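The next block holds one structure in the form of structure tokens; read it before the comments.
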Amino acid sequence: MAEASPDRKAWLNETLRKRIVSMELAPGAVVDEVSISEEFGLSRPPVRELMRQLAAEGYLELEPNRPARVSAMNYQSLRGFFLAAPLIYVATTQLAAANATTQEIAQLKQIQRDFRQAIVEQDVANRVVHNDRFHLQIGSMAHNDYLMPSLRRLLIDHARLGMTFYRHSPSPEMQGVQDEAVDQHDRIIAAIERRDAQEAGELVRAHWELSRRRMADYALPEGLDIALT
């Protein structure tokens with residue numbers, strides 16, 4: 001078995017996270033330690049260590065004497081998600097407007113370019129991944145260690161929900177929604193760059209509402225118009 005080099009572990013870390021948020025690994029799916037070790041050419045101790053880290057961040061669920069599983073999505077977790085999301089997004093974005101460095105804002109702009117390109121290419125997986133990166137970067141720019149764990153956990157389910165409805169929704173309005181999301185990102189960046197915390201908070205609240213409406217439309221579609229006679 002190959003030595004657990006930093007590059008190999010980083011590759012495993014990035015791959016598992018992407019598989020979970022892209023729904024390649026479904027909620028509740030078993031993540032087999034032995035199979036992962038063989039696939040990535042790592043011994044089991046570094047794999048086990050990474051799984052503990054991912055469990056601490058909310059990607060996995062670990063129980064004694066049971067295999068690791070991808071974090072579930074159920075009624076209780078989704079209710080908590082919808083209640084917490086606007087609070088966390090507004091708080092981190094307002095703090096980012098107050099605390100972000102010039103270099104961090106430049107990194108956010110690059111992520112936005114990647115996000116825009118994924119939409120142009122109609123690449124659903126990368127659209128979701130880059131949206132996740134965008135909001136995680138804003139969280140980093142907030143420079144608040146108390147908010148980051150909550151934001152990380154929130155983004156896992158936001159990405160998984162996004163992957164579900166963007167991949168399967170047949171709505172002809174989807175392109176317009178995506179264009180509006182890109183425009184909102186641009187305006188959020190501009191507000192952060194101007195150090196306007198109030199406007200940044202208002203913009204990200206509207207941005208969240210756009211996502212919330214899309215999730216609600218997917219979960220509660222209109223009934224089919226079928227004659228009952």
Side-chain angles (χ1 to χ4, degrees), residues 10 13-14 16-18 20-22 27 49-62 70-112 114-115 127-163 181-182 184-215:
N13 183 18
E14 181 180 350
L16 282 181
R17 291 170 190 269
K18 189 168 184 177
I20 291 169
V21 300
S22 70
E49 177 186 356
L50 177 60
M51 285 187 171
R52 285 195 294 266
Q53 177 184 334
L54 292 176
E57 294 178 10
Y59 289 88
L60 298 176
E61 295 174 353
L62 297 180
V70 176
S71 293
M73 291 175 67
N74 52 41
Y75 169 77
Q76 193 60 42
S77 65
L78 290 179
R79 177 174 170 78
F81 166 80
F82 281 105
L83 288 171
L87 303 175
I88 300 300
Y89 285 141
V90 170
T92 53
T93 305
Q94 288 182 327
L95 285 172
N99 298 324
T101 67
T102 301
Q103 182 179 0
E104 288 171 336
I105 293 173
Q107 291 169 345
L108 185 64
K109 289 179 178 179
Q110 180 57 56
I111 294 169
Q112 170 68 347
D114 295 338
F115 176 71
R127 181 228 180 276
V128 170
V129 167
H130 294 315
N131 185 68
D132 181 88
R133 290 177 59 217
F134 182 88
H135 291 288
L136 189 59
Q137 174 68 8
I138 288 177
S140 297
M141 291 158 56
H143 295 282
N144 188 295
D145 292 338
Y146 293 94
L147 287 173
M148 277 301 288
S150 296
L151 178 65
R152 286 184 184 278
R153 183 63 187 90
L154 189 77
L155 286 171
I156 295 169
D157 283 350
H158 196 155
R160 294 194 292 183
L161 286 167
M163 193 68 196
V182 172
Q184 287 175 333
H185 276 196
D186 286 335
R187 285 184 281 153
I188 289 167
I189 293 171
I192 290 173
E193 200 163 24
R194 291 195 305 273
R195 308 296 178 184
D196 190 336
Q198 181 175 348
E199 183 177 358
E202 291 171 356
L203 287 168
V204 81
R205 187 182 294 277
H207 185 57
W208 157 249
E209 182 60 22
L210 179 68
S211 294
R212 190 197 63 77
R213 290 200 311 270
R214 285 297 307 128
M215 293 173 193

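As the structure is a computational prediction, the values presented were derived from the model and not from experiment.
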Interatomic distance, [X] atom [atom1] to [Y] atom [atom2] [nearest 0.5 angstrom]:
X	Y	atom1	atom2	result
Arg160	Ser71	CZ	OG	6.0 Å
Glu202	Arg187	CD	CZ	11.5 Å
Ile189	Leu108	CD1	CG	4.0 Å
Leu87	Leu147	CG	CG	10.5 Å
Phe81	Ile156	CZ	CD1	11.0 Å
Leu161	Met73	CG	CE	3.5 Å

[X] to [Y] - nearest heavy-atom pair and separation:
X	Y	answer
Val21	Val128	O-CG1, 4.4 Å
Leu151	Gly139	CD2-CA, 3.4 Å
Val90	Gly201	CG2-O, 3.8 Å
Ala72	Ser77	O-OG, 4.0 Å
Met148	Ser140	SD-N, 3.7 Å
Ser150	Ile88	CB-CD1, 3.9 Å

Set of residues satisfying side-chain contact (heavy atoms from CB on, under 4.5 Å) with respect to [X], sequence neighbours excluded:
X	answer
Leu62	Arg52, Ala55, Ala68
Asp145	none
Pro149	none
Ala100	Glu104, Ile105, Met141, Ile192, Arg195

Any residue meeting side-chain hydrogen bond (donor to acceptor under 3.5 Å, both in side chains) with [X], in chain and number order, not counting sequence neighbours:
X	value
Arg194	Glu199
Arg152	none
Gln94	none
Glu209	Arg212

Which residues share a salt bridge (charged side-chain N to carboxylate O under 4.0 Å, His left out) with Glu193, sequence neighbours left out: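 In terms of salt bridge (charged side-chain N to carboxylate O under 4.0 Å, His left out), with neighbours along the sequence ignored, Glu193 is linked to Lys109.
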
Residues forming a salt bridge (charged side-chain N to carboxylate O under 4.0 Å, His left out) with Asp196, sequence neighbours excluded: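 Partners of Asp196 by the salt bridge (charged side-chain N to carboxylate O under 4.0 Å, His left out) criterion come out as none, since no residue qualifies.
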
Any side-chain donor near an acceptor of the partner, Asn13 and Arg17, under 3.5 Å: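 Yes - a donor-acceptor pair under 3.5 Å links their side chains.
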
Derivation and outcome, side-chain contact (heavy atoms from CB on, under 4.5 Å), residues Ile138 and Val204: CA-CA 11 Å; Ile138 288 177; Val204 81; 5.8 Å; no

Side-chain donor or acceptor of Gln112 paired with backbone N/O of Val182 under 3.5 Å: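 Here the side-chain-to-backbone pair exists.
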
Donor-acceptor contact present, side-chain Thr92 to main-chain Tyr89, <3.5 Å: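 Judged by distance alone, yes, a pair lies under 3.5 Å.
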
Close side-chain approach of Asn144 and Asn99, heavy atoms under 4.5 Å: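 Side-chain contact under 4.5 Å: no.
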
Pairs satisfying salt bridge (charged side-chain N to carboxylate O under 4.0 Å, His left out), at least one member in residues 129-144, at least two apart: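 Counting only pairs at least two positions apart or across chains, the salt bridge (charged side-chain N to carboxylate O under 4.0 Å, His left out) contacts touching residues 129-144 are Asp114-Arg133.
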
Leu136 vs Ile111, side-chain contact (heavy atoms from CB on, under 4.5 Å): CA-CA, chis, key distance, verdict: CA-CA 10 Å; Leu136 189 59; Ile111 294 169; over 6 Å; no

Partners meeting ring-ring contact (aromatic ring centres under 6.0 Å, His included) with Tyr59 (sequence neighbours left out):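 In terms of ring-ring contact (aromatic ring centres under 6.0 Å, His included), with neighbours along the sequence ignored, Tyr59 is linked to no residue.
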
Audit row: His185, His130, ring-ring contact (aromatic ring centres under 6.0 Å, His included) steps and yes/no: CA-CA 12 Å; His185 276 196; His130 294 315; over 10 Å; no

Parallel, tilted or perpendicular, as decided by the 30° and 60° cut-offs, for the rings of Phe82 and Trp208: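 It falls in the tilted class, 30° to 60°.
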
